[in-house]
Amino acid sequence: NSAVKTYVPLKFEGKGTMRLRIRAKSDDAEDIVERELKVEPQGKRNMIVVNASLWDGNKSAQSFSIPKNATDITPAVLKVFPSPVSTFDDAIEGMIRMPHGCFEQTSSINFPNIMIVQYLKQQGSLSNEREKKYLACIKDGYQKLLSFEAPNGGFALYPGGHPELKYSVYGLMQLVEMSKLIYIDPAAIKRTRDYIAASRSSGTLAYDAYMAMTLDEIGEPGLAASLDSIFARASKSDDAYELAISANALAKQHPEQAR
């Protein structure tokens with residue numbers, strides 16, 4: 001029950017899309033991970049954006065020059081959008097990223113990935129190819145998130161670190177939201193929930209409200225006293241952030257108080 005980070009230098013011969021295969025083996029376990037990596041030549045990518053309208057035979061002429069030392073590996077790509085709205089899908093492609101870094105960095109990438117995929121599925125604008133690609137990022141985020149979990153539950157900033165309530169609450173919310181898209185081990189949710197429930201109060205209104213909102217999301221019973229306390233404390237607060245988090249915590253069970 002420990003985590004070890006090892007840096008392995010890689011040298012790629014050639015450029016383009018490469019497949020990386022890593023195999024880890026111990027006396028009683030083995031795992032294999034495969035990833036596709038895009039290896040690009042050194043240099044600077046140039047992008048030209050032109051805004052113009054074409055209708056009834058109207059023409060728009062644009063010119064550009066290709067440097068003499070440009071590589072022949074990376075192709076030139078021309079994208080034409082039929083309407084301003086259609087640029088949204090292309091922008092989404094750039095928002096989905098592979099999680100990395102510490103717990104905070106991983107979460108700052110993973111949670112937006114989750115929200116984007118949920119939105120696209122709700123809108124019915126997610127193709128099978130893109131869904132497979134985006135869910136692969138979320139699955140990677142799930143595995144990355146588990147590396148920050150302490151043996152007895154709760155999440156730490158770094159692998160093998162001491163769990164903290166603020167990370168654990170945020171981690172639980174991610175597990176809950178990811179479970180709507182991919183398989184999440186129920187035991188992982190339970191361990192985190194048990195850690196949070198044992199702590200229950202962080203001492204600050206914002207964290208207590210976010211904690212109650214998260215526990216309410218997974219159907220945690222016995223939150224009445226916590227929600228009453230949050231309402232009483234929020235009624236005396238003039239902090240916009242505390243009031244916003246408290247309103248979200250109260251909205252599901254006490255919509256009138258949330259208002």
Side-chain angles (χ1 to χ4, degrees), residues 95 97 99-119 122 138 141-142 144-150 152-159 161-182 184-259:
M95 294 172 65
R97 294 184 295 158
H100 63 272
C102 67
F103 178 90
E104 291 178 343
Q105 293 170 314
T106 296
S107 300
S108 297
I109 298 173
N110 189 51
F111 216 154
N113 286 352
I114 298 168
M115 297 295 102
I116 291 170
V117 175
Q118 286 183 347
Y119 171 78
Q122 290 172 359
I138 293 177
Y142 171 47
K144 181 71 174 174
L145 201 66
L146 291 181
S147 71
F148 303 109
E149 186 185 18
N152 296 323
F155 289 94
L157 181 59
Y158 297 105
H162 183 73
E164 296 186 44
L165 186 59
K166 58 183 178 181
Y167 301 135
S168 302
V169 174
Y170 196 24
L172 179 60
M173 180 63 82
Q174 291 180 73
L175 293 175
V176 171
E177 293 301 325
M178 281 190 289
S179 68
K180 301 174 183 177
L181 298 171
I182 62 174
I184 300 296
D185 186 0
I189 295 178
K190 184 179 185 303
R191 288 192 301 270
T192 310
R193 172 261 168 210
D194 290 345
Y195 173 83
I196 295 173
S199 305
R200 189 52 67 100
S201 177
S202 67
T204 65
L205 174 57
Y207 275 127
D208 287 349
Y210 191 72
M211 187 189 314
M213 180 175 66
T214 304
L215 292 175
D216 191 32
E217 185 72 17
I218 64 172
E220 176 73 11
L223 291 177
S226 296
L227 294 176
D228 289 343
S229 173
I230 290 168
F231 176 68
R233 293 156 65 189
S235 300
K236 301 176 183 178
S237 174
D238 58 0
D239 184 280
Y241 180 72
E242 289 184 343
L243 291 173
I245 296 294
S246 298
N248 278 314
L250 295 166
K252 189 174 181 179
Q253 295 195 28
H254 303 288
E256 292 299 324
Q257 291 182 347
R259 295 191 186 96

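Reckoned from all heavy atoms, side chains included, excluding hydrogens, waters and symmetry mates. Predicted, not measured: the structure shown is a model, and the values here were computed from it. Here, residue 1 is the first one in the sequence, and each next residue gets the next number.
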**Prompt:** Is the closest side-chain heavy-atom distance between Phe155 and Pro163 below 4.5 Å?
**Reply:** no

Sorted by chain and number, sequence neighbours left out, salt bridge (Lys or Arg N to Asp or Glu O under 4.0 Å) with Asp194 holds for Lys190

Exercise for the section: Verify whether the ring centers belonging to Phe111 and Tyr170 lie closer than 6.0 Å. Expected result: yes

#### Entry: Any side-chain heavy-atom pair of Tyr142 and Leu175 under 4.5 Å
yes

Between the CG atom in Asp228 and the CG atom in Leu250, the distance rounded to the nearest 0.5 Å is 9.0 Å

OH (Tyr158) and OG (Ser147) are apart, to the nearest 0.5 Å, by 12.5 Å

CD of Gln174 to CE of Met115, rounded to nearest 0.5 Å, is 9.0 Å

Nearest heavy-atom contact between Cys102 and Phe148 is C-CZ, 3.4 Å

Value for CD (Gln118) from CG (Leu181), rounded to nearest 0.5 Å, stands at 5.0 Å

Tightest non-hydrogen contact, residues Leu146 and Ala188, listed as CD2-CB, 4.3 Å

Heavy-atom nearest pair, Arg97 first then Asn113, reads O-ND2, 2.7 Å

Here the gap from Glu149 atom CD to Arg191 atom CZ, rounded to the nearest 0.5 Å, amounts to 4.0 Å

Side-chain heavy-atom pair Val176, Ile184 within 4.5 angstrom cut-off:
no

In this structure, are over 12 heavy atoms from other groups packed under 6.0 Å from Asp185 atom CG? yes

Of all heavy-atom pairs linking Phe103 and Tyr167, the shortest is CZ-O, 3.1 Å

- Side-chain donor or acceptor of Thr192 paired with backbone N/O of Gly153 under 3.5 Å: no

In this structure, CE of Met178 is separated from CG of Asn110 (nearest 0.5 Å) by 5.0 Å

Heavy-atom closest pair (Ala234 atom, Leu243 atom, distance to 0.1 Å) is O-CD2, 3.2 Å

- Side chain proximity check, Leu205 to Ser237, heavy atoms < 4.5 angstrom: yes

For Ile230 and Ala212, the nearest pair of non-hydrogen atoms, with its separation, is CD1-CB, 3.6 Å

